[in-house]
Amino acid sequence: MTVAKSVTAPKIKKQSQAKEIFKRFVKNRSAVIGMIILAILLFAIIIGPYLTGYSATKIDIRSRLQFPSAKHWFGTDDNGRDVLTRCLVGGRWSLGCGILATIISAGGGIILGSLTGYLGGKFDMVVMRFLDIIQSIPGLLLTIVISAALGTGFDKTILALALGGIAGYTRMMRSSIMRVRDEEFLEAAEAVGCNSVQRIFGQALPNSMAPMIVSITQGVADRILGLASLSYIGLGIQPPDPEWGAMLNVGKQYIRTYPYLIILPGIMIAITVLSLNLMGDGLRDALDPKLKD
Amino acid sequence: MGRYIRNRLLWMIPVLIGVAVMIFSIMYFVPGDPAAIILGKEAEEWEILALRQEMGLEDPFLVQLGRFLWNALHLNFGESYFTGIPVIQEIAMRMPRTTLLGFLSMFFTMLVGVPLGIYAATHRGQLGDSAVMALALFGVSFPAFWMALMLVLVFSLRLHWLPATGIGSWKHYVLPVLASTISGVGTQARLARSSMLEVIRSDYITTARSKGLKEREVIYKHALPNALLPILTSAGARLAHIFGGSTVIETVFSIPGIGTYMINAVNNRDYPIVRASVLVLAILFSLVMLLVDLAYAFVDPRIKARYAGAK
């Protein structure tokens, strides 16, 4: 029973630490602004499409290529679809893809990085050499090649975006774990009889998550940008699905005559990425004990 | 030092072979039969089979892989399925444009980004810091290719100052370089700032200050050289980013570089081109990383010392 007690004791402290981090996060003005923008954006892309009164995919040739007006705030595209509705629905694709791909990447990286960092030895060496190989291919290039191999569409694109990112997360997690590996609390965990799985995922991992959390926030932003690039060059999400990059791909032929078709989806991307970056910066400051007041 | 360089060089060989194996394997599993694509929709099944045999596509995976590696070693990447032009010939022609674009972008990104970041770090919490960081944050939030489209819209289509597509004079390079620089400067400034801040907070800077050195001296003689090390590493990462992004930027400006070559090949399923382009860009990137590592070892006395004894 004494073991159980010693395990519950740090839990109470952990809660207060989370609270403290949250307090610092809320005090950070830019982080709060980022969170508010993201909340509004999420609200808009979830609820918005029902309010505009237009369909994101239904073709209406009679009202094609209309400049922004009271009727169509963002104008209409070459198939007469309301661009505002498409931008909002596009957000579901972009954010959905970005978030899911990051979860897969980070999940893979956390598991692989924890194992390599904690176990070390031959396993670590083999994995790291393999990562060396993966990382000698510039990131977007690898994503393009994987995406070309897998094909287009929502699920395959998520996988393509995710696979390229695992290497980076693994490295990050590994170095975090290695930093805490020789700390006394792990020795203590071993002493009270935790097995290595408990030590890695129950003790070492939570204590080295801080840089990971920041990097995950920014990972979503990076993946939204990556997805836009993929769709823009004709991979990724395909028209008529309204992903932002795919909208830019269609809009580029009208750059001379109907520039709003490329300006507006780009601004949507920028707002989303900006809010995620603001939040990421806020989190980094909040999680960094060196910046404690 | 000599041993370090040799080890580092030797290590490149397995890595590059690994890259070649990986690229070949990924492309091997691409759906769609190149023979069927070349012959078109009306081809009979036996015609496709005959061509597959001729192209060696019926051989086992390992045989094909071995042939690919052996040929790649001799810089023979085969021919384009569609034009029949040897891939290496096209790459040799396009390579200088992509490299020029990449290195120019990197040069300007560092030239602008690093001083901005250092300025922000040394003026932490002041108006200048906030302004630089706000700008940097906006810079990293726009996709580079969208920035490129906006530049085309303003400078080519509205103002008619600069050409929108193609290559020819130096003017053609202004907008592409500007586009990738704008999106890179933000990242670089943020990195430079945080690495500088890290150094400024460290103990030896406090020591330098407390022994009465002038602030200028503390910053430029003690802090800056140490902050530059991580910045140097980030330069390598930036170049990877630029090479990757160049594919999209080249597409926007229709620059006949490796990027457009590869993207077109991806869309046409012209596998030999895709394999060769990725491999060549990976080799180029590895070489630059090698230079960065060597520069690092040259600058950082700790690495130099580790190998000095074992010369």
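Chain letters run A, B, ... following the sequence lines, proteins first and then strands; every chain starts at 1. Given the structure is predicted, the values throughout are model-derived calculations rather than measurements.
When side chains are defined from C-beta on, B:Phe145 does not count as touching A:Lys252, because their heavy atoms never get closer than 4.5 Å. Residues A:Asp132 and B:Trp11 have side chains in contact (heavy-atom distance under 4.5 Å, counting atoms from C-beta outward). A:Ser136 places none of its side-chain heavy atoms less than 4.5 Å from the side chain of B:Leu16. Annotation: side chain of B:Leu149 is in contact with side chain of A:Tyr232 (closest heavy-atom distance under 4.5 Å). With contacts defined as side-chain heavy-atom distances shorter than 4.5 Å, the pair A:Asp281/B:Arg190 qualifies.
Residue contact with chain A, scored on non-hydrogen atoms closer than 4.5 Å, is absent for B:Met133. Only the side chain of B:Met150 comes within contact range of chain A, with heavy atoms under 4.5 Å apart. Interface remark: A:Leu142 contributes side-chain atoms only to the contact with chain B (heavy atom separation under 4.5 Å). Both the backbone and the side chain of B:Val19 come within contact range of chain A, judged by heavy atoms closer than 4.5 Å. Contact annotation for A:Leu248: only side-chain heavy atoms (C-beta onward) come within less than 4.5 Å of a heavy atom of chain B. With a threshold of 4.5 angstrom between heavy atoms, A:Ala221 does not approach chain B through any atom at all. Using a 4.5 Å cut-off between heavy atoms, B:Phe142 contacts chain A through both its backbone and its side chain. Heavy-atom distances place the side chain of A:Ile144, and not its backbone, under 4.5 Å from chain B. Both the backbone and the side chain of B:Val252 have a heavy atom closer than 4.5 Å to some heavy atom of chain A.
Residues of residues 275-284 of chain B placed with any heavy atom under 4.5 Å of a heavy atom in chain A are listed by number as B:Val278, B:Leu281, B:Ala282.
Taking OG of B:Ser141 as the reference point, atom CD1 of A:Ile224 lies at 10.5 Å (rounded to 0.5 Å). Separation of atoms CG (A:Leu141) and CZ (B:Phe243) is listed at 10.5 Å; rounding is to 0.5 Å.
Counting heavy-atom pairs closer than 4.5 Å to chain A, the top-ranked of the candidates B:Met22, B:Met147, B:Arg269 is B:Met22. Interface summary for chain A: among B:Val152, B:Ile17, B:Leu153, the most heavy-atom pairs under 4.5 angstrom belong to B:Leu153. With chain B as the partner, the residue from A:Leu225, A:Leu276, A:Ile263 showing the most heavy-atom pairs under 4.5 Å is A:Ile263. Options B:Val21, B:Val15, B:Val274 differ in how many heavy-atom pairs under 4.5 Å they form with chain A, and the most are formed by B:Val15.
Side-chain atoms of B:Trp146 come within 3.5 Å of backbone N or O of A:Ile262 as a donor-acceptor pair.
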Can you list the steps and then say if A:Leu140 with B:His241 is a side-chain contact (heavy atoms from CB on, under 4.5 Å)?
CA-CA 7 Å; A:Leu140 187 58; B:His241 209 87; over 6 Å; no

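Remark: A:Tyr254 OH is packed, more than 12 non-hydrogen atoms of other residues, nucleotides or ligands lying under 6.0 Å away. The 12-atom threshold is exceeded at OH of B:Tyr28, counting heavy atoms of other residues, nucleotides or ligands nearer than 6.0 Å. When the shell of 6.0 Å around CZ of A:Arg129 is examined, it contains more than 12 heavy atoms from other residues, nucleotides or ligands.
No option in A:Leu150, A:Val145, A:Ile137 other than A:Val145 meets the side-chain contact (heavy atoms from CB on, under 4.5 Å) test with B:Ile26. Of the candidates B:Thr260, B:Ile263, B:Asn264, A:Ile233 forms a side-chain contact (heavy atoms from CB on, under 4.5 Å) with just one, namely B:Ile263.
Listed here is the closest heavy atom pair of B:Gly18 and A:Ile133: C-CG2, 3.5 Å. Annotation for A:Ser229 and B:Val248: closest pair CB-CG2, 4.0 Å, computed over non-hydrogen atoms.
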